[in-house]
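All heavy atoms count here, side chains included; hydrogens, waters and symmetry mates do not.
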Amino acid sequence: MVRKLEEKDMDPVMEIWLEANILAHDFVPKSYWRDKLQEVREMISQAEVYVYENPNFGTIQGFVGMSGDYIAGIFVCEEARSRGIGRQLLDYVKAFKLRLTLRVYEKNQRAVRFYERESFQIQSEHMDKDTGEKEYFMIWP
């Protein structure tokens with residue numbers, strides 16, 4: 001079930017954020033993500049965030065963070081990946097957004113393929129100044 005973030009969700013959401021970033025971005029030092037934890041926690045508390053809560057166990061297994069039509073990220077815990085949770089989160093926001101944009105690291109090929117399957121198209125390429133990694137700016141529809 002997808003629903004709006006509640007204050008009680010912050011700890012599991014932050015655990016998922018850190019775990020997912022470290023796993024998906026092995027080309028970025030783990031310390032980079034750990035150093036961003038408090039900053040991201042504050043940003044998430046201010047953002048438009050929707051969580052996927054497992055209906056059988058009541059646990060948070062993923063979330064999507066939004067800022068207007070910009071997807072700051074879709075994150076799913078490792079044990080729940082490839083079960084359609086990312087797609088459910090994306091479909092949820094597609095239902096009320098006319099346009100979506102995002103940035104994704106070129107080396108995160110799993111995410112690039114996911115977004116391309118979901119009809120996102122690469123509009124441009126840039127270097128992320130914080131990591132020095134190439135990222136794509138993608139847009140839907």
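Glu125 CD to Met138 CE: the interatomic distance, rounded to the nearest 0.5 Å, is 11.0 Å. Distance check, rounded to the nearest 0.5 Å: NZ of Lys36 to CG of Asn21 gives 11.0 Å. Summarising the geometry, atom CZ belonging to Phe137 is positioned 6.0 Å from atom OG belonging to Ser124; distances are rounded to the nearest 0.5 Å. Put simply, CG on Leu102 and CG on Leu90 are 8.5 Å apart, with the number rounded to the nearest 0.5 Å. To the nearest 0.5 Å, atoms CG (Asp9) and CZ (Arg3) are separated by 4.0 Å. Going from atom CZ of Arg110 over to atom CZ of Arg81 covers 6.0 Å, rounded to the nearest 0.5 Å.
Hydrophobic clustering, with ILVMFWY side chains joined whenever heavy atoms are under 4.5 angstrom apart, groups Phe114 together with Val93. In the hydrophobic clustering of ILVMFWY residues, with side-chain heavy atoms under 4.5 Å counting as a link, Val112 and Tyr70 come out apart. Hydrophobic cluster membership is shared by Ile74 and Tyr92, with clusters built from Ile, Leu, Val, Met, Phe, Trp and Tyr side chains linked at under 4.5 angstrom. Criterion: ILVMFWY side-chain heavy atoms under 4.5 Å apart, direct or through other members. Under it, Tyr52 and Phe96 are part of a common hydrophobic cluster.
Other residues, nucleotides and ligands contribute more than 12 heavy atoms inside 6.0 Å of the CZ atom of Arg103. Shown here is Lys8, whose NZ atom has more than 12 heavy atoms of other residues, nucleotides or ligands within 6.0 Å. Heavy atoms of other residues, nucleotides or ligands lying less than 6.0 angstrom from CD of Glu79 number more than 12.
Counting only residues at least two apart or on different chains, the salt bridge (charged side-chain N to carboxylate O under 4.0 Å, His left out) pairs with a member in residues 11-32 are Asp11-Arg41.
Other members of a hydrophobic cluster containing Phe57 are absent, since no ILVMFWY side chain comes under 4.5 Å of it, directly or through relayed contacts. Think of Met10 as one node in a network of Ile, Leu, Val, Met, Phe, Trp and Tyr side chains linked at under 4.5 Å; its network also takes in Leu5, Val13, Met14, Ile16, Trp17, Leu18, Ile22, Phe27, Val28, Tyr32, Trp33, Leu37, Val40, Ile44, Val49, Val51, Ile60, Phe63, Phe75, Tyr105.
The minimum heavy-atom distance between Gly62 and Leu89, with the atom names listed, is C-CD1, 3.9 Å. Residue Met1 comes nearest to Pro55 through the heavy atom pair N-CD, 4.1 Å, listed as atom of the first residue, atom of the second, then distance. Here the closest non-hydrogen pair linking Met66 and Val64 is SD-CG2, 4.0 Å. Nearest approach of Val76 to Gly86, heavy atoms of both residues: CG2-N, 3.9 Å. Annotation for Asn54 and Asn56: closest pair OD1-N, 2.7 Å, computed over non-hydrogen atoms.
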Check your understanding: Can you check salt bridge (charged side-chain N to carboxylate O under 4.0 Å, His left out) on Glu116 and Arg113, steps first, answer last?
Key -> CA-CA 5 Å; Glu116 287 177 334; Arg113 286 190 306 272; over 6 Å; no
Exercise for review: Take Asn108 and Glu135 through the test side-chain contact (heavy atoms from CB on, under 4.5 Å) and record every step on the way to the result.
Suggested key: CA-CA 9 Å; Asn108 187 354; Glu135 61 183 3; over 6 Å; no
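Taking the six-membered ring where tryptophan is involved, the planes of Phe120 and Tyr115 are perpendicular, since the angle between them exceeds 60° and thus also 30°.
With respect to Asp69 and Arg99, a salt bridge is recorded, a charged nitrogen being found less than 4.0 Å from a carboxylate O.
Gln109 places a side-chain N or O within 3.5 Å of a backbone atom of Glu106 that can act as its donor or acceptor partner. In this structure, Lys97 contributes its side chain and Gly68 its backbone to a donor-acceptor pair below 3.5 Å. No donor-acceptor distance shorter than 3.5 angstrom exists from the side chain of Lys94 to the backbone of Trp140, with no hydrogens or angles considered.
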